[in-house]
Amino acid sequence: MKAIDYRKIITEICRIILGATFLFSGTVKAIDPVGGGIKIEEYFGAFGLTAFNPVATLISVNLSAVEFMLGVCILMAVYRKLTTICILAFMSFMTLLSLYLAIFNPVHDCGCFGEAFILTNWQTFFKNFLILLPASVMTFVYHTRMTPVYTYKAYWFAVFFAYIFPVWFSYYNYSHLPIEDFRPYKTGANIPALMSFPEDAQQDEYQYIYEKNGEKKAFTPESAPADDPAWTYVEAKLVKPGYVPPITSFEIYNHTGDNIAEDILSAENGVFLLVSAKIEKASDKKIDEINNIYDYAQEHKIPFYCVTSSAEEYIKTWINDTGAEYPFLTADDVTLKTIIRANPGLVLIKSGTILKKWHYNDIPSEDEANAVIDRLLNSPDKNTEKENSPWTWIIGCFTLPLLLVWIYDCLRNRRKLKPEKDEQT
């Protein structure tokens, strides 16, 4: 009886864990390349590398492509030795980086899974140190025990396609809106509800430090000796954070400095927000479409505003260049970038609920606008517009070429089977 090769079994399990993790990480980054660029800018700011901010999104796209490619390569055992060396080097670097982030906290979360799944820095470190790094060591040491999916002659295609596909996917999401919105301002979200606190919400728990005769002691709020002159208050320490709503702040100001967010969120007939975090960097490719929507809003007495964080001089330049007649409001640029990943992007809100968001490339034309907006505003059940998910054809575009190459590879080697040269790297 042939002995069970436990090292092969463990190696194959590690291979699946690494492949699935790298595929997931690369995919969620490719879904939101703009968000990935924002996270990389945070890193640049923390390490004094802000000069590289202009290429942050490009780095984000390439990082997602490399992670996705490594995930595909290890799952298919393509270039086994080279792939496992790259993954081991990658995980060694990321483990050290996550340890630094956990200790010094220059960035609040690593962004390794984008906005889809947020981990604390310590959670990220333990994930890397206890799971992914040991798995990468195991696959490197026993890479010859991984069973390849393709023969050596097809390796180049798997690597090339596994890199090009996420680059295209990132570009698709960059040129439109992310096909999955992991942020709180997604279509269908009610902003006031996401800012509210449930009745049973966990409150922040504090300890109060007092000092007497040179000795410090911690008290609960109930037992704090606030009225005892013998004790001197020192500080309050947050012991356990309470519930934090998905949206903590939504403030939009008019030209007089008044916060009119409540008026916007309570508009029962709807309101259009043309969102541009930095209007000096906004695209003017779809000005005609934007102005058509503004004309529709005027005709139907629906408020239409442009919301930006830019200075007055840039707003005036935009007005001069585009002939904009709509009023301008100001808001925090982080909030605006979170609301929509487009510059500019159009948002339709009714009674505090986001009915629809458009990338500037997808703003409906004059012929389509009336029917689309009427349907959104006047649908009897007040549901947001239903759309077919593009996931089916995107997954098909990825899996079909790999499947066809695998079939061809199998047919080509069916009659003449010979050992492939193990690793020619």
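Both backbone and side-chain heavy atoms feed into the values below; hydrogens, waters and symmetry mates do not.
- Classification of Glu67 and Lys29 as a salt-bridged pair holds, one side-chain N sitting under 4.0 Å from a carboxylate O.
- Under 3.5 Å, the side chains of Thr353 and Asn190 contain a donor-acceptor pair of N or O atoms.
- Annotation: Asn269, atom CG; neighbour count of heavy atoms from other residues, nucleotides and ligands within 6.0 Å does not exceed 12.
- Between Phe197 and Tyr243, the angle of the ring planes goes over 60°, which puts this pair in the perpendicular group of the 30/60° scheme.
- A salt bridge does not link Lys212 to Asp228: none of the charged nitrogens lies less than 4.0 Å from a carboxylate oxygen.
- Remark: Lys39 engages Glu42 in a salt bridge, criterion side-chain N to carboxylate O under 4.0 Å.
- Phe219 and Tyr210 have perpendicular rings, their planes meeting at more than 60° on a 0 to 90° scale where under 30° would count as parallel.
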Under the salt bridge (Lys or Arg N to Asp or Glu O under 4.0 Å) criterion, do Lys286 and Asp362 qualify, and how do the steps go? CA-CA 9 Å; Lys286 300 293 182 177; Asp362 302 317; over 6 Å; no
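- Smallest separation of non-hydrogen atoms from Gly345 and Ile340: CA-CD1, 3.6 Å.
- Ring-plane geometry between Phe272 and Phe304 is classed as tilted, the angle between the planes lying from 30 to 60 degrees on a 0 to 90 degree scale.
- Other residues, nucleotides and ligands contribute only 12 or fewer heavy atoms inside 6.0 Å of the CH2 atom of Trp406.
- A salt bridge does not link Asp204 with Lys240: none of the charged nitrogens is closer than 4.0 Å to a carboxylate oxygen.
- With 3.5 Å as the limit, one finds a donor-acceptor pair spanning the side chains of Ser276 and Asn343.
- Phe22 has its ring centre no less than 6.0 Å from the ring centre of Phe68.
- Aromatic ring centroids of Phe165 and Trp168 lie under 6.0 Å apart.
- Ring geometry for Phe157 versus Phe161: interplanar angle under 30°, hence parallel rather than tilted (30 to 60°).
- Residues Asp367 and Ser365 have side chains that never bring a donor and an acceptor to within less than 3.5 angstrom of each other.
- Scanning for salt bridge (charged side-chain N to carboxylate O under 4.0 Å, His left out) contacts around Asp5 gives Arg145, with sequence neighbours left out.
- Between Phe125 and Phe129, the two ring planes are parallel [angle under 30°; tilted spans 30° to 60°].
- Counting heavy atoms of neighbouring residues, nucleotides and ligands inside a 6.0 Å radius, atom OH of Tyr233 exceeds 12 of them.
- Between the side chains of Thr220 and Ser223, at least one donor N or O lies within less than 3.5 Å of an accepting N or O.
- The six-membered or imidazole ring of Tyr305 lies away from that of Tyr294, with a centre-to-centre distance of 6.0 Å or more.
- Side chain to side chain, Asn105 and Asn121 meet the donor-acceptor criterion of an N or O pair below 3.5 Å.
- Between Tyr253 and Glu251, the side chains place a donor N or O and an acceptor N or O closer than 3.5 Å (distance only, hydrogens not considered).
- There is no side-chain donor-acceptor pair under 3.5 Å between Tyr174 and Asp32.
- Counting non-hydrogen atoms of other residues, nucleotides and ligands closer than 6.0 Å to CZ of Phe113 gives a total above 12.
- Of the N and O atoms on the side chains of Glu180 and Trp391, at least one donor lies less than 3.5 Å from an acceptor on the other residue.
- Under a cut-off of 6.0 angstrom, the local environment of NE2 in His255 is sparse, with at most 12 non-hydrogen atoms contributed by other residues, nucleotides or ligands.
- The closest side-chain heavy-atom distance from Lys127 to Trp122 is not below 4.5 Å.
- A donor-acceptor contact under 3.5 angstrom links the side chains of Thr308 and Ser310, judged on distance only.
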